[in-house]
Amino acid sequence: MYKYIIHGQKKLKGEVVISGSKNASLPIMAASLLTKEEVILQNIPDLMDIQTMRQLLEMLGKKTVFENNTLSIKEIDPSLYEAPYDIVRKMRASIAVMGPLLARKGQAKISFPGGCAIGPRPIDIHLRGMKALGTDLLIEHGYIWAQAKELTGKQMDLMGNFGPSVLATENVMMAATLAKGITIIEGAAREPEISDLADCLISMGAKIKGSGTSIIEIEGVKELGGTSHTIIPDRIETGTFMAAAGTTGGEILLKKVNILHMEEVIEGFSKAGVEIEILSQDSLVARGKNIRPVEIETHPYPFFPTDLQAQLMALVSISDGTSVISEKIFPDRFMHAAELNRMGADIKVDGATALIKGVKNLSGAAVMASDLRAGAGLVVGALAARGKSEILRIYHIDRGYEKLDEKLRKIGADIERVPQ
Ligand code: EPU
């Protein structure tokens, strides 16, 4: 296990090339199960969750080769259909293989995902969607056994109590590509990662309309072919570097971004005092100015994302006023608040709302990452803090950021990865 040692208060200056989106890559990798032909994916970030998904695809009969951010996926054994506990417990996004397996092989055996550091994460919407397409489901011995002789298109509403579900929308969309007839998903999630998946599926021969809106229509086809597809930029990594520019009073040129996906994030960080200058469709400069308090709620896309809530909280913990951040997607996703308080922040969590009284300075401390984005929030805090911080359990950060420490070091951060 490794930890980061960060000596804070270094102004970050320079350029960072943003990697491909983790949350677009994972379902798109799963989509390769829908075809016997080769799928080639470019701009795949080199990070742990990608390795985990590769491992899962190999257990499901694929051969994968990953070089220079390009992943080739070829089929060697079409008969396999089990996603075991050992993989699913490491990465909940493994559930994304359910739709493709059912559509192509008529069955899937998937370990039932358990608890998670960001709160309860049920999968009822996924199951509802699969049932609507004609799947028989049995939950036994910690596994979901799903079977369908033939999937049949259906009109369904996938809205959940906390809004639409990203992975459930993706799962059902993938299953429906090979179902008989037309599927209409109402209450669909609208994240850019869903449109990226739809674009990839369309390039494989799928018939999909309406991705990026809350109603998606899929007309099933007999089979899908291979493709070559380039993954969209990671909007959460982009936002994380905006927060890092903000807390350090730095100036970071971010390249290979997609500003069309960043509207509310740019607005949120601008309100918090990060000056954002858009240079082109794929590049912008983020400058730390006077950090200001904000009142922000996280919501599904196109609104401010939950995956940047911890980083924003770290940023405004050194503003000159009181901020209110409410979490409307994962109401318990506040494990980082107590750790930021160890660094001298003044954060009180009440239900799904955090009240952050800005302090003049954070002070370096040993803290623990509880999940990926909480870990990123602690890095943002440590970059601003006086003195030395140690961030433990950075395997959470490694799950979702490509070479975060290297990228930060290149722009002037004093950050080291050492054995824990
Ligand atoms: N929900 C249900 N039932 C379901 C599925 C979801 O009630 O069957 C609820 C969730 O508990 C939550 C809300 O619906 O309250 C939205 O969750 P969603 O299903 O959209 O989350 P997800 O698809 O499992 C993806 C990202 C997460 C990101 C969320 C929200 C991937 C691989 N993961 O998860 O990313 O936080 O959407 O935007 O796309 C991360 O990258 O750190 C991460 C956790």
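By convention here, the first residue in the shown sequence is residue 1. Order of appearance sets the numbers: ligands from 1, and atoms from 1 within every ligand.
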Using a 4.0 Å heavy-atom cut-off, say whether [X] meets ligand 1 through its side chain, its backbone, both or neither.
{"X": "Leu167", "result": "both"}
{"X": "Pro300", "result": "neither"}
{"X": "Tyr301", "result": "neither"}
{"X": "Asp307", "result": "side chain"}
{"X": "Ile329", "result": "both"}

Those atoms of ligand 1 less than 4.0 Å from some heavy atom in [X]:
{"X": "Phe162", "result": "13 (C), 15 (O)"}
{"X": "Ala93", "result": "32 (C)"}
{"X": "Pro120", "result": "11 (O)"}
{"X": "Lys22", "result": "40 (C), 41 (O)"}

Quick check on side chain to side chain contact (heavy atoms under 4.5 Å, CB included): which of Ile44, Leu167, Asp49, Val97 does Leu26 satisfy it with? Asp49
Among protein heavy atoms, which lies nearest [atom], and at what distance?
{"atom": "atom 7 (O) of ligand 1", "result": "Pro122 CG, 3.3 Å"}
{"atom": "atom 25 (C) of ligand 1", "result": "Val166 CB, 4.0 Å"}
{"atom": "atom 44 (C) of ligand 1", "result": "Arg333 NH2, 3.6 Å"}
{"atom": "atom 17 (O) of ligand 1", "result": "Phe330 CZ, 3.8 Å"}

Using distance alone, decide if ligand 1 has a nitrogen or oxygen within less than 3.5 Å of any nitrogen or oxygen in Thr306. no
So is Ile125 polar-close to ligand 1, meaning N/O to N/O under 3.5 Å? yes
Sub-3.5 Å donor-acceptor pair from the side chain of Tyr143 to the main-chain atoms of Tyr85, do we have one? yes
Report yes or no: do Glu191 and Asn23 form a side-chain donor-acceptor pair below 3.5 Å? no
Tell me, please: is His126 in heavy-atom contact with ligand 1, that is, under 4.0 Å? yes
